Every structure is written in structure tokens, then in C-alpha cells.
Amino acid sequence: MDQVVGRQSLPDSPRTFGFFVDGKRMEAGERAYFERRSPGHDVPVTRIPKCTREDLDLAVKAARRAFEDGRWSRIPAVERANVLLRAAQILRSRAAELAYWETLENGKPISQARAEVDGCAGMFEYAAGLARTLHGDAFNNLGDGMFGLVTREPIGVVGLITPWNFPFLILCERVPYILAAGCTIVAKPSEVTSATTLLLAEILSEAGLPDGCYNVVTGSGSVIGQAMTEHLDIDMVSFTGSTSVGRRCVEAAGGNFKKLGLELGGKNPQIVFADADLEDAADGVAFGIGFNTGQCCVSGSRLIVERSVASEFEKLVAAKLAKVKVGDPLDPSTQIGAITTTAQNTTILDYIARGKEEGARLVCGGGALDFGRGHYIAPTLFGDVTSAMAISRDEIFGPVLAVMPFDGEDEAIAMANDTVYGLAASVWTKNIDKALNVTRRVRAGRFWVNTTLAGGPELPLGGFKQSGWGREAGSYGIEEYTQIKSVHIEIGKREPWVR
Ligand code: TXE
């Protein structure tokens, strides 16, 4: 990966984007735009079209046409794979530009954004392989007169609704797999972070993706997102966002019983046993809550630590958090950038205030950091947290860690499972039996042992309980976007029914 060298400057004026339908950039004309201000600098950086339901209909029609005429869904998988591989190459060659716009809109550190783009290219490469290995099954055991086949077919037109915390990474954990399966896409990014989703349209066209296979309609969730989940000509929606909007998607999808993939919230435990390498675990726990300013569905926001080391471990984590470099997202040495939206900033500060009111002990952080402009919050650690407190139950989506001590393995597991969510969990121990036992008994879709937030294209993502339905990435990721057909083939002549 090329390193980000030096600090890039802010754009002189906001860049105006069009939306993208049927292989063409659509000019928004006189219609209204969302103006996005950089959360780290509070200057306007992008202008994004406010699309209408009519724009969405155009995009769905284009995606439907492209799907039905077979220009993508019925070509040999090797040709699909080649487009995905070319896209990966272009993506790498434009990584600096993608990272720049991602950072400007989202507020994440530029070095992190750059690494994420690299990871996205890997997703395309892996999905290219899956396109070629996707297969069904054959039954050669049905007797002389019958042969059975099970085939996988692309599910059709997929609506893709993505959030603002990892606009490009979450997009690329889905798009290559959906395309590898042979489906076509209408994407709707979050209204505050649409730029890189639109840039991907250019990249895919240049890579040779036929027109109509990847369309982007920008706009608000309540208008475009809601219309997508209700749309009768969309076959499946993959939604990543809050659990409350996920529930609305379930209600709206009933119109045509479209399939849903849902990746929702989390309140993820970090379980630390006394026998862990505490120095390493403290670094991991600090990373787990600080990464992406804690605006991460899989961030480890509950620290469940064995009582005998709780006080020592709390100090270790606080010392790590105090050293993390918070600051200008465009500075290549920054580790924690800005809070992405004003609303999210308020939510996090409200939770910090609530933690104090409810009697939790503030160990470090505890409020906003003033850099003259933008929204920044100091990584915050609360001790003496009880399971009744809001900071231990709700997904805060910010750099706020709640510490709760446990006695014994069973209590640790019970505390870890005491949540409506089941997205991710980590365990830190040198004892293999404890590690395996906890891994098996904690109900979460992603699990880390002596590490956290590790990822990649091979292992699937998704949640248990109210954290969602279905899986993205890995071989499961492509299968989600297919449906199964069973075929019975008569060999010779049927036994007549009418005699
Ligand atoms: O999410 P929304 P918000 C959580 C996190 C955060 C909270 C609120 O706790 O504090 O959600 O964030 C689109 N029909 N997560 O309000 O509203 C919206 O335009 C269809 C966790 O930003 O769920 C955006 O594209 N779509 C999460 C996407 O849904 C709708 C990531 C997510 O926005 C819609 C983000 C509707 N009625 C927030 N309303 C994660 N799991 O990673 C909005 N949208």
C-alpha cells in the first residue's frame, strides 16, 4: 500500500456530484442538493443531488432491464470475474482520491481511509474468484430414471442501503459479491457520505461493467431508502444501519416479500480474563473502542473484565487511550478523527452526561475536544458501570467504553449475552479451554480471540439476535444473493399416470 505522504489540503470549493443511472452520470440541474460539510473542518466539501422517487424508478427500471436481458446475469462467470478484477486494479490506482473524499465527508483519519480502500480492492479480488466457483449440486442417486440438479440463480435487482460510518468499506463488502452472483444493483448511500459510492460507479464503468448494472440514487433515508424497501420491482434489499430503521425495512418489505439482508446495531463485549497478556489486551481494547471514533457496529463498547485485575486493567486501558492521537482527519498521523454528524456528536455527549448522572465513575475523557472547528470527542472510559445503566445497554456509536467486572467464566458469559444485540465479541485469555468455551457460548456473529476487529473478504459478517439477518462477504456473501432452483430430469420415459 502506498503510504499517505504529507497533509492534503481542503478543496477550494465543494465538488458537485451527479447521481448515476444506466451507465450515465445524471446531472441534477436545478434540483436541490445536500451540501456536505467536512465534520473535521466544518467547510463545505461536496454537493450531492437530492433524488426523487421518480429518479429511483428510473434506476430500478435500468437495473431490471440489465438483469432481464442477461447482459450480466447470463454471461459466463469468468467474464464477470474479469470485470471485478479490473475494478480492483482501478480502485487501487485511485485509492488516494477515494480516501480523500471518504475522509472529507466522514471525518475518519486519512491513513485509515487509505487502508480501507486497499481492503475494498481485496473484496473485489476475492469475489471474482467466488463468481467462478459458485455452483449448485447434483443428485445421481435417484434411480435409473431420474437425475436431480440444484442450481443457484442470481436473485435479481438488489437495493443496497448503506450507512455513513464506513461508506466505502461497507459498500465494497457487498457490491462485488452481489455482482459476482449476477445481480444488478441500485445503491443508496447515506445522505452525508455519498461521494465514494458515486465514484465507484465511474470505476465499475471503466472496468467494463455493462450499463444499468450499478446505479446510484442519492437522497434521504425517509424518501429514497423507504421507497426502496417498499419498491415492488426490487427483489432484495441489503440494509446496514440502525436497528430501528431495520425494523421499518422489515415492515416495508412485505409488499412483495422481498428478501432482506440486515446488518444492524451492536453492544459488543470485550471479555478480559486475569490470565490474558494484559498489556496486549489493553491495546486491543483501546483499539476496539477508539477505531473510527467508536462509530463502528462491531466496536467493543462493553469491557467485561475479571475482578481480580479490573482496577489494574482499567488503568492500562486509560493510559493507552490517553496516548491515542485525536485530531485533524487529513493529518496522516491522526488515529482518531472527527465525529461524523452533528446529531451523532450530540448523541454521544448526551450518553456521556447520562453515564455521569447515573453514577458511573469517569476514568478518562468525558467530553468534547476543542480544535477550533469540527466535532471531536475524547476517548472516554467509565468504571463502576452496572447493567441497568444506559451506557451499558444502548449502542452509543462513539468512543465510550463501559467497564464491568465479573467473577468466574459463567458470569462473564451471562454478562456478555445480556443484550438484545449479537453482532460481535472478543475474548482475551491465554487459556485455550476458556477461549473455546466463551467462543462457543457467547451469542454473536463475529468473534475474536486475543484480537479484535480483524476482518477480510474470506470470513462472513453478520449478527445474531437483533443485530440482523443474513451474512455478507465470504462464500456466504455470494450465496445470499442467489436463490436455489431444484430440477428433476426424467431419463427415458415417465411411468404413465393415465392408463
Ligand atoms: O442510521 P440510519 P443513522 C446506528 C448507530 C447510530 C444510529 C443512527 O447507533 O447512532 O444507528 O444513525 C437510511 N428506510 N448505526 O440515523 O437512519 C439512511 O439514509 C430505508 C449503526 O444515520 O439507520 C442511511 O443510508 N432506509 C450502523 C441508512 O439507512 C433508511 C451504521 C442508515 O441510517 C430509512 C449506522 C428508511 N425509513 C448507524 N431511514 C451499523 N450497523 O453499522 C434512513 N435510512
Side-chain angles (χ1 to χ4, degrees), residues 34 36 39 48 50-51 53 56 105-108 159-171 173-174 186-194 196-197 216-231 234 237-255 258 260-268 291-299 301 339-351 377 390-391 393-400 419-424 444-446 453 455 461-470 472:
F34 294 99
R36 176 64 178 152
I48 304 291
K50 258 185 208 172
C51 291
R53 288 183 82 114
L56 174 67
E105 286 197 331
N106 169 279
K108 66 177 65 203
L160 186 49
I161 302 175
T162 51
W164 44 260
N165 56 336
F166 291 95
F168 200 59
L169 184 64
I170 288 177
L171 182 77
E173 284 168 349
R174 287 144 183 81
V186 178
K188 191 213 85 68
S190 163
E191 45 275 48
V192 295
T193 53
S194 300
T196 49
T197 304
V216 184
V217 180
T218 49
S220 74
S222 54
V223 178
I224 303 299
Q226 183 72 29
M228 277 172 82
T229 52
E230 288 168 2
H231 208 291
I234 292 181
V237 163
S238 164
F239 169 83
T240 308
S242 59
T243 297
S244 58
V245 175
R247 201 163 278 122
R248 235 176 287 158
C249 294
V250 173
E251 286 157 16
K258 63 173 63 64
L260 288 178
L262 301 172
E263 193 183 329
L264 309 173
K267 188 71 184 175
N268 311 295
F291 181 69
N292 214 49
T293 52
Q295 298 175 125
C296 195
C297 54
V298 289
S299 70
S301 51
I339 303 299
T340 304
T341 66
T342 310
Q344 191 59 33
N345 193 56
T346 306
T347 301
I348 299 168
L349 293 175
D350 285 351
Y351 271 111
I377 292 180
I391 55 168
R393 308 210 71 80
D394 299 352
E395 181 182 56
I396 300 174
F397 226 55
V400 183
T419 169
V420 295
Y421 297 114
L423 199 57
R446 290 178 80 181
L453 305 186
L461 327 162
F464 285 21
K465 304 193 309 193
Q466 292 185 32
S467 291
W469 289 348
E472 306 285 356

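All ligand and atom numbering here is 1-based and tracks the order in the structure. What you see is a predicted model, and the numbers here were worked out from it, not measured in a lab.
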When you check the side-chain N and O atoms of Y421 and N268, is any donor under 3.5 Å from an acceptor? no

Within 45 degrees of the axis of the six-membered ring of F34 and under 6.0 Å from its centre: does K50 put its NZ or CZ there? yes

Within the 4.0 Å heavy-atom shell around L264, which atoms of ligand 1 are there? 41 (N)

Distance from atom 31 (C) of ligand 1 to nearest protein heavy atom, with residue and atom: P163 CB, 3.4 Å

For L461, is there any backbone N or O sitting under 3.5 Å from a side-chain donor or acceptor partner on R446? no

Within the structure, does at least one protein heavy atom fall under 4.0 Å of atom 33 (O) of ligand 1? no

Nearest-contact summary for atom 16 (O) of ligand 1 - protein heavy atom, Å: W164 NE1, 4.8 Å

Taking T346 for the side chain and T342 for the main chain, is one N or O donor matched with an acceptor at less than 3.5 Å? yes

Test item, T347 contacting ligand 1 (heavy atom, 4.0 angstrom): no

Between N106 and N165 (side chain of the first, backbone of the second, donor and acceptor by atom type, cut-off under 3.5 Å), is there such a pair? yes

Residue pair I391 / I396, side-chain heavy-atom distance below 4.5 Å: yes

I want to know if ligand 1 touches Q226 in the polar sense, i.e. an N/O pair below 3.5 angstrom. yes

Side chain, backbone, both or neither: which part of L423 has a heavy atom under 4.0 Å from ligand 1? neither

Minimum heavy-atom separation for S467 and G422, please, with both atom names. OG-N, 2.9 Å

Closest protein heavy atom to atom 17 (O) of ligand 1, given as residue, atom name and distance to 0.1 Å: V245 CG2, 3.6 Å

among protein heavy atoms, the one nearest atom 29 (O) of ligand 1 is F239 CE1, 3.1 Å

Taking the six-membered ring for Trp, are W164 and F397 ring centroids under 6.0 Å apart? yes

Residue and atom name of the nearest protein heavy atom (relative to atom 20 (C) of ligand 1), distance in Å to one decimal: G225 C, 3.2 Å

Indicate yes or no: does E230 engage R248 in a salt bridge with an N to O separation below 4.0 Å. no

Any protein heavy atom sitting closer than 4.0 Å to atom 9 (O) of ligand 1? yes

Close side-chain approach of T218 and E191, heavy atoms under 4.5 Å: no

Test of understanding: given a 4.0 Å heavy-atom threshold, classify the contact between T162 and ligand 1 as side chain, backbone, both, or neither. backbone

When you measure from atom 4 (C) of ligand 1 to every protein heavy atom, which one gives the shortest distance, and what is it? E395 OE1, 3.3 Å

So which bit of M228 gets within less than 4.0 Å of ligand 1, heavy atoms only: side chain, backbone, both or neither? neither

Going by the order shown, which atoms of ligand 1 are within less than 4.0 Å of some heavy atom of E263? 41 (N)

Per-atom contacts of ligand 1 with C297, taking only distances under 4.0 Å to non-hydrogen atoms: 40 (C), 41 (N), 42 (O)

The closest protein heavy-atom partner of atom 18 (C) of ligand 1 is E191 OE1, 3.8 Å

From atom 1 (O) of ligand 1, work out which of G266, S242, S220 has a heavy atom at the shortest distance. S242

Indicate, as side chain, backbone, both or neither, the part of F166 found under 4.0 angstrom from ligand 1 when only non-hydrogen atoms are considered. neither

Regarding E263 and R174, does a basic nitrogen lie under 4.0 Å from an acidic carboxylate oxygen? yes

So the atoms of ligand 1 within less than 4.0 Å of a heavy atom of I161 turn out to be 13 (C), 20 (C), 25 (O), 26 (N), 28 (C), 29 (O)

Would you check if L262 and V237 make a side-chain contact, meaning some heavy-atom pair closer than 4.5 Å? no

Checking the side chain of E395 only, and the main-chain atoms of G266 only, is there a donor and an acceptor separated by less than 3.5 Å? yes

Do any N/O atoms on G221 end up under 3.5 angstrom from N/O atoms on ligand 1? yes

What part of Q344, side chain from CB on, backbone N/CA/C/O, both or neither, has a heavy atom under 4.0 Å from ligand 1? side chain

I170 and P163, any side-chain heavy atoms less than 4.5 Å apart: yes

Numbering the atoms of ligand 1 from 1, which are under 4.0 Å from a heavy atom of R248? 37 (N)

When only distance counts, is C249 in polar contact with ligand 1, meaning an N/O pair under 3.5 Å? no

